[in-house]
> 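One structure follows; several queries about it will come next.
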Amino acid sequence: MLLFGYAPGEVLGRSARDVLGEYPAEFSGPLGASAALKPTETLGMRSVRHRDGRRLPVALSLIPLAHDQERVMWLMVAMDGDRARQNAIDQATLAGLSHQSPITLVIYDVDARIQWINTAVEEQFGVKLESVAGKRLPEVEPGGMVLSEGGGIEADVEEPIRRALRTGEPVIDVRYRSTRRFGTHHQRVWSVSYFRLQDDVGQPIGVCEVGLEITDRYVAGQRLALLSRAGGSIGRTLDIRRTADDLAELVVPEFADAVTVDLLRPVLSGQEPPPLDGGTDGDLCRVSERAQDAAAGVPVAAPATVTHCLTDATPRTDPASGVLVLPLAARGVVLGVASFARTAPRDAFDGEEVALAAELASRTAVCVDNARRYTREHATALMLQRDLLPRALPRPTGAEIAHRYVPAAGPVGVGGDWYDVIPLSGARVGLIVGDVAGHGTGAAATMGRLRTTVAALAALDLAPDELLARLDDLVARAGATGLEDDGAEDQALGVTCLYAVYDPVSRHCVMARAGHPPPILVTADGDTEILDLPAGPPLGLGGLPFESADFELPEDSKLALFTDGLVESRERDIDIGLRALRDTLSHHSSGPLEVACESVIDALLPSPPQDDAALLLVRVHSLPDPLVATWDIPADPGEVARARSLACEKLGEWDVEEETGFVVELVVSELVTNAIRYGGAPIRLRLIRDRDLIIEVSDSGHTSPHLRWAAMEDEGGRGLFLVAQVTERWGTRYTSTGKTIWTEISRATHELPGLLSA
């Protein structure tokens with residue numbers, strides 16, 4: 001009676017009307033023996049009087065206890081109205097969850113054994129409470145599995161139950177997959193959460209599992225995730241086979257049990273395959289194959305299915321094997337096919353999955369086509385690069401040569417690094433190394449243009465600084481013209497290069513560079529030095545002069561000319577690369593140059609480089625003194641005969657053939673005569689015994705001689721013409737003190753032209 005504000009003793013013997021302010025009608029009626037004993041009756045919500053006078057809503061129920069002839073005894077149960085309403089809601093909720101809700105409920109005891117399941121579990125899993133009570137989950141669902149966030153499978157399906165029991169913390173949104181299908185195409189997936197149940201004193205008494213089937217949402221999410229990963233995993237490189245492998249790695253085993261990728265053979269070489277007719281499946285080549293169970297092998301589609309897929313460019317399912325064959329087509333051109341296979345117990349691909357597979361194949365085809373076009377361009381650029389680079393470098397007497405070119409790997413492709421060795425007059429040799437910015441056919445073509453220009457300028461016997469100045473002017477003018485014509489910047493702008501001229505007679509090397517790394521000198525005993533050579537601006541920028549530097553190189557020393565791709569990368573600073581290059585060259589200061597070249601490449605480029613790299617190694621030698629003869633000739637016509645005599649005596653010491661000696665006499669006579677007549681003192685005659693005989697006459701004049709045809713009545717004008725007829729080569733080079741006319745005469749038996757023998 002505390003609900004109504006009374007103590008029990010205060011209401012005993014009083015009527016209900018006195019206490020509650022009303023008398024329920026159910027209490028009235030006959031009290032005789034004929035009165036029937038009614039069952040429990042709920043009176044519902046009533047408003048009764050509290051002791052303090054206010055009205056109090058309560059829920060009343062009457063339970064008949066006994067009756068006799070005199071009276072009837074009832075038990076009246078009253079409950080606060082608010083609590084009664086909450087009780088009713090709780091009971092209705094429990095009833096709904098138990099019998100009507102689609103949410104699955106499972107109660108486990110502290111040993112993770114099933115104690116109760118609701119109707120949703122019975123309907124969705126096809127089990128009954130009496131058949132699962134007391135069992136563990138793996139016994140009820142042997143094929144069930146818990147999925148990790150990445151789509152993998154957790155080994156222990158009971159681990160979330162034990163974790164909730166152990167920690168008391170809820171375990172939320174665990175993905176559970178059942179092998180039961182019940183008519184659905186996919187294995188069904190639930191999102192389940194676990195909550196610990198405990199008694200009034202906080203002791204755990206079990207775990208409640210709440211689950212909601214999310215199969216459709218999960219499958220859709222997996223498909224979207226697969227497409228999302230495809231964007232970042234397929235076509236990460238411009239390698240055709242690697243791109244095919246990317247597709248196989250992506251879909252096995254999540255989407256398919258096995259995948260094969262077959263491409264038409266022309267695609268592998270970078271070519272576009274020809275159109276296919278209905279009677280052929282082309283020349284397919286297997287480029288990738290992956291299976292979840294390698295021992296079981298890969299299911300194969302019938303050739304007719306593959307042919308139809310290739311010719312009509314539509315997905316096909318092979319009737320016999322169930323293999324899904326999809327065309328790899330880009331820009332309307334079929335490049336090959338991708339085949340997806342599933343094995344039992346997985347079902348065949350449904351319509352949405354075929355569409356998903358087609359999208360994956362389409363993305364792969366675009367990446368394969370990009371890789372194909374890159375392969376073609378890379379091969380073209382590499383072929384152009386190799387054609388433009390010297391296949392066999394000259395072998396001058398005063399220098400041993402070894403060289404390497406390593407093209408860049410990956411999407412950057414072939415670049416414009418180049419090198420060359422140019423024979424010059426007087427047994428000298430020109431050494432050139434350069435670097436064109438950019439990659440591809442454009443850089444290779446620019447490299448070829450510059451290499452040809454350098455060779456032409458070197459043939460003029462220009463000093464290194466003057467050669468770079470003229471090359472810089474040509475590049476600047478070509479770049480300005482290109483900008484006016486089509487707005488495209490000439491790739492030659494900003495090119496770096498280094499040009500050196502080595503003279504084996506004096507062992508002097510004159511160098512100049514245009515923004516290029518300086519060379520490294522390695523002595524015979526292994527000491528290394530980065531030569532202090534003025535930098536100069538890159539070609540085409542203008543505004544700054546180029547400076548030459550003259551170095552006397554020790555006998556048998558090595559000169560290393562290289563591009564920055566050899567010593568610098570994104571992962572390595574140039575100072576570290578230069579130190580590694582010097583250490584390697586020092587270690588190989590002696591021995592074959594080819595071995596030193598290989599060692600440098602292995603040490604500095606252990607993996608395919610990000611930028612192309614060129615290396616030119618030169619071991620220098622001097623010509624022995626007995627092979628060089630020099631005389632000063634007075635500027636007197638009477639000295640011509642003495643000059644011939646001196647040359648003939650030296651030829652006798654060198655055991656030169658008589659016929660060759662006659663040619664030498666003729667050339668010496670003509671050149672010394674011209675120097676005395678048109679040049680000026682000092683006049684110097686030099687003979688060099690190299691592979692050929694070299695004759696040089698120097699004077700202080702700066703007038704360039706030229707060939708001309710003399711008329712029959714002319715007394716002179718035939719000398720230089722005769723010289724050109726009896727020598728292999730001839731030319732003029734200019735120095736700071738004048739000019740030098742040089743000629744080369746073959747040491748083989750010389751047949752004189754008819755005009756001389758006559």
Side-chain angles (χ1 to χ4, degrees), residues 185-186 222-223 226-227 229-230 233-235 239-268 273 275-372:
H185 178 73
H186 298 282
Q222 291 294 98
R223 290 172 179 171
L226 189 64
L227 282 175
R229 292 200 305 275
S233 60
I234 297 177
D239 181 87
I240 293 176
R241 295 180 182 272
R242 181 61 230 173
T243 300
D245 288 338
D246 290 341
L247 173 65
E249 292 174 2
L250 175 70
V251 300
V252 176
E254 180 180 346
F255 186 72
D257 295 317
V259 170
T260 61
V261 179
D262 301 281
L263 297 177
L264 294 167
R265 196 169 297 277
V267 174
L268 299 178
L276 301 173
D277 56 42
T280 177
D281 60 357
D283 187 8
L284 285 174
C285 178
R286 177 68 49 85
V287 295
S288 182
E289 179 178 291
R290 190 178 185 90
Q292 183 177 11
D293 184 2
V298 178
V300 179
T305 303
V306 176
T307 299
H308 291 153
C309 178
L310 282 170
T311 53
D312 60 18
T314 56
R316 297 274 181 163
T317 300
D318 185 62
S321 63
V323 174
L324 175 62
V325 184
L326 302 123
L328 297 175
R331 300 179 298 106
V333 178
V334 178
L335 308 174
V337 295
S339 301
F340 293 8
R342 282 180 174 173
T343 56
R346 298 178 81 170
D347 291 328
F349 298 96
D350 62 18
E352 292 182 355
E353 289 174 326
V354 171
L356 173 60
E359 175 65 22
L360 295 175
S362 176
R363 294 190 181 193
T364 303
V366 171
C367 294
V368 167
D369 189 54
N370 289 338
R372 176 193 65 80

> Are Arg223 and Glu359 close enough that some pair of their side-chain heavy atoms sits under 4.5 Å apart?
no
> Mind checking whether His308 and Val325 have side chains closer than 4.5 Å, heavy atoms only?
no
> Just by modelled atom types, is the Leu360 backbone N or O under 3.5 Å from a matching donor or acceptor in the Thr364 side chain?
yes
> Roughly how far, to the nearest 0.5 Å, is SG of Cys285 from CG of Leu264?
10.0 Å
> Of all residues at least two apart in sequence or in a different chain, which pass the side-chain contact (heavy atoms from CB on, under 4.5 Å) check with Arg242?
Arg236, Thr237, Asp239, Asp245, Asp246, Glu249
> Determine, step by step, whether Val267 and Val287 satisfy the side chain to side chain contact (heavy atoms under 4.5 Å, CB included) criterion, reporting the C-alpha distance in whole Å, the side-chain angles of both residues, the deciding distance to 0.1 Å, and the verdict.
CA-CA 11 Å; Val267 174; Val287 295; over 6 Å; no
> From the options Ile234, Asp369, Val366, select the one residue that forms a side chain to side chain contact (heavy atoms under 4.5 Å, CB included) with Thr243.
Ile234
> State, with a plain yes or no, whether a side-chain heavy atom of Leu335 is found less than 4.5 Å away from one of Pro273.
yes
> Closest heavy-atom contact between Ala348 and Arg342?
O-NH1, 3.7 Å
> Only one of Leu284, Leu328, Val337 passes side chain to side chain contact (heavy atoms under 4.5 Å, CB included) with Leu263; say which it is.
Leu328
> Does the side chain to side chain contact (heavy atoms under 4.5 Å, CB included) test come out yes or no for Asp257 and Asp293, once each step is laid out?
CA-CA 8 Å; Asp257 295 317; Asp293 184 2; over 6 Å; no
> How far apart are the C-alpha atoms of Arg290 and Val251, what are their side-chain angles, what is the distance that settles it, and do they pass the side chain to side chain contact (heavy atoms under 4.5 Å, CB included) test?
CA-CA 10 Å; Arg290 190 178 185 90; Val251 300; over 6 Å; no
> Would you call the rings of Phe349 and Phe340 parallel, tilted or perpendicular if under 30° counts as parallel and over 60° as perpendicular?
tilted
> Please examine the side chains of Thr305 and Thr317, heavy atoms only from C-beta on, and report whether any two atoms are closer than 4.5 Å.
no
> Quick one, Leu247 and Ser288 - any side-chain contact, counting heavy atoms below 4.5 Å?
no
> For residues 296-304, which side-chain donor-acceptor pairs fall under 3.5 Å, sequence neighbours excluded?
none

> Is any side-chain heavy atom of Arg316 less than 4.5 Å from a side-chain heavy atom of Asp318?
no
> Could you check whether any side-chain heavy atom of Pro315 comes within less than 4.5 Å of a side-chain heavy atom of Leu326, counting everything from C-beta outward?
yes
